[in-house]
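Heads up: numbering here begins at 1 and tracks the sequence.
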Amino acid sequence: MDIDKKIEELRKEFNEKVDELKREYKEKNEKWVPKENQFYFYVTSSMAIDYYNYRNDEIDESILKYNKIFKTKEEAQEYATYLKARKEYSYEFSREEWESDGIDKYSIYCDYDYNNVMIGLCNTFRNLNQIYFKTEEKAQEFIDKYKKQILKFEFGIEEE
């Protein structure tokens with residue numbers, strides 16, 4: 001076999017593998033949207049599980065815009081349980097507490113290289129999308145109990 005033909009075969013195999021990986025990534029990271037007349041579940045602001053029949057109307061648009069939606073009631077229940085735990089473990093610092101340099105504030109972040117949840121000390125600024133903790137121990141306890149859900153719901157990583 002000549003070298004040019006072998007290079008072309010390898011290039012073709014490589015491109016096929018890249019296309020396959022792109023498809024897998026897209027499927028895994030694409031937000032699920034129900035089909036017409038398909039039921040979906042979500043967690044209400046009062047932490048109740050509700051469902052709706054998808055009709056692609058204004059109600060659906062609003063629910064999808066402001067809520068995570070799920071294919072099953074069990075998935076929605078897992079999320080509700082996680083949200084309750086997040087509220088229990090986290091701490092909502094007051095404005096005065098944020099302005100005080102003497103009060104430590106901890107947050108969690110994702111080390112994407114290792115799919116690990118880490119704790120950081122953050123006394124300088126407030127990010128509205130961040131979860132904060134009053135103590136490092138409270139943050140670690142939350143991670144220890146809910147790491148899988150933190151990765152899934154906060155950082156979009158589902159461990160296999």
Side-chain angles (χ1 to χ4, degrees), residues 17-35 38-54 56 58-160:
K17 187 66 175 169
V18 167
D19 290 343
E20 179 185 336
L21 289 170
K22 284 180 181 179
R23 275 192 305 277
E24 287 175 10
Y25 179 83
K26 184 178 178 186
E27 288 171 10
K28 188 174 182 181
N29 292 295
E30 198 170 82
K31 184 178 178 182
W32 175 73
V33 177
K35 292 179 175 56
Q38 183 178 14
F39 283 98
Y40 61 92
F41 298 84
Y42 63 99
V43 180
T44 68
S45 59
S46 63
M47 298 296 160
I49 308 300
D50 204 352
Y51 64 94
Y52 197 73
N53 187 5
Y54 187 76
N56 197 20
E58 297 83 24
I59 295 171
D60 290 309
E61 186 179 317
S62 178
I63 292 171
L64 271 65
K65 184 175 182 179
Y66 296 108
N67 299 277
K68 287 187 187 294
I69 61 165
F70 303 93
K71 294 178 185 179
T72 68
K73 184 176 182 178
E74 292 75 23
E75 290 172 310
Q77 184 59 58
E78 178 188 16
Y79 185 57
T81 301
Y82 169 75
L83 289 176
K84 289 173 188 173
R86 187 175 88 170
K87 184 175 174 102
E88 175 188 333
Y89 283 92
S90 65
Y91 185 79
E92 188 66 39
F93 290 94
S94 69
R95 182 183 184 104
E96 293 78 22
E97 289 171 314
W98 272 108
E99 292 171 354
S100 172
D101 292 334
I103 299 174
D104 287 338
K105 299 146 195 88
Y106 298 89
S107 67
I108 56 175
Y109 64 93
C110 184
D111 176 348
Y112 285 95
D113 290 334
Y114 299 100
N115 289 347
N116 200 12
V117 181
M118 309 295 287
I119 301 169
L121 181 62
C122 52
N123 288 335
T124 54
F125 64 90
R126 181 175 183 223
N127 179 341
L128 294 176
N129 295 321
Q130 189 71 39
I131 305 167
Y132 293 101
F133 302 86
K134 195 163 188 163
T135 66
E136 188 173 7
E137 293 76 22
K138 200 72 164 169
Q140 188 60 57
E141 189 178 332
F142 181 60
I143 292 169
D144 291 344
K145 288 185 178 181
Y146 296 97
K147 180 181 175 186
K148 177 184 170 193
Q149 289 81 10
I150 295 167
L151 287 169
K152 180 178 180 179
F153 297 125
E154 301 298 335
F155 303 111
I157 299 171
E158 290 203 51
E159 294 182 321
E160 285 142 33

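Note that CD1 of Ile157 is 11.5 Å distant from CD1 of Ile150, once rounded to the nearest 0.5 Å. Between atom CD of residue Glu78 and atom NZ of residue Lys73 there is a gap of 15.0 Å, rounded to the nearest 0.5 Å. To the nearest 0.5 Å, atom CD1 of residue Ile63 and atom OH of residue Tyr40 are 3.5 Å apart. One finds the CD atom of Glu58 at 9.0 Å from the CG atom of Asp60 (value rounded to the nearest 0.5 Å). Summarising the geometry, atom CZ belonging to Phe155 is positioned 13.5 Å from atom CD belonging to Gln149; distances are rounded to the nearest 0.5 Å. Atoms CZ and CG, on Phe93 and Asp104 in that order, are 8.5 Å from each other to the nearest 0.5 Å.
Taking the ring centre of Tyr91 as origin, the terminal cationic atom of Lys138 falls outside the region bounded by 6.0 Å and 45° from the ring axis.
The main-chain N or O of Gln77 is found under 3.5 Å from a side-chain atom of Thr81 such that the two form a donor-acceptor pair. Looking at Glu75, its side chain does come within 3.5 Å of a backbone N or O of Lys71 through a donor-acceptor pair.
Contact record, Ile119 with Glu136: CD1-O, 3.8 Å, taken as the closest heavy-atom pair. Across all their heavy atoms, Lys147 and Asn115 have their closest contact at CE-O, 3.8 Å. In plain terms, the two heavy atoms of Ala139 and Ile108 that are nearest each other are CB-CG2, 4.5 Å. Heavy atoms only, all atoms of each residue included: Glu97 and Ile103 are closest at CG-CD1, 3.8 Å. Here the shortest heavy-atom pairing between Ser100 and Lys105 reads O-NZ, 3.2 Å. When all heavy atoms of Trp98 and Cys122 are compared, the pair lying nearest together is CZ3-O, 3.8 Å.
More than 12 heavy-atom neighbours from other residues, nucleotides or ligands sit within 6.0 angstrom of OH on Tyr112. The number of heavy-atom neighbours closer than 6.0 Å to CG of Asp144, taken from other residues, nucleotides and ligands shown, is above 12.
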(message) Evaluate Leu83 against Arg86 for side-chain contact (heavy atoms from CB on, under 4.5 Å), listing each step before the verdict.
(response) CA-CA 5 Å; Leu83 289 176; Arg86 187 175 88 170; 4.2 Å; yes
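Exactly one residue among Tyr54, Trp32, Tyr79 makes a side chain to side chain contact (heavy atoms under 4.5 Å, CB included) with Ile69. That residue is Trp32. Results of the ring-ring contact (aromatic ring centres under 6.0 Å, His included) test with Phe133 over Tyr106, Phe142, Tyr89 single out Phe142 as the only residue that passes.
Under the side chain to side chain donor-acceptor pair (under 3.5 Å) criterion, Tyr82 pairs with Glu154, not counting sequence neighbours. Scanning for salt bridge (charged side-chain N to carboxylate O under 4.0 Å, His left out) contacts around Glu141 gives Lys145, with sequence neighbours left out. Taking Phe39 as the reference, Tyr51 meet the ring-ring contact (aromatic ring centres under 6.0 Å, His included) condition, with sequence neighbours excluded.
Side-chain contact between Leu151 and Val117 is present, with heavy atoms from C-beta onward closer than 4.5 Å.
Ion pairing of Arg95 with Glu99 is present here, as a side-chain N (NZ or NE/NH1/NH2) and a carboxylate O approach within less than 4.0 Å.
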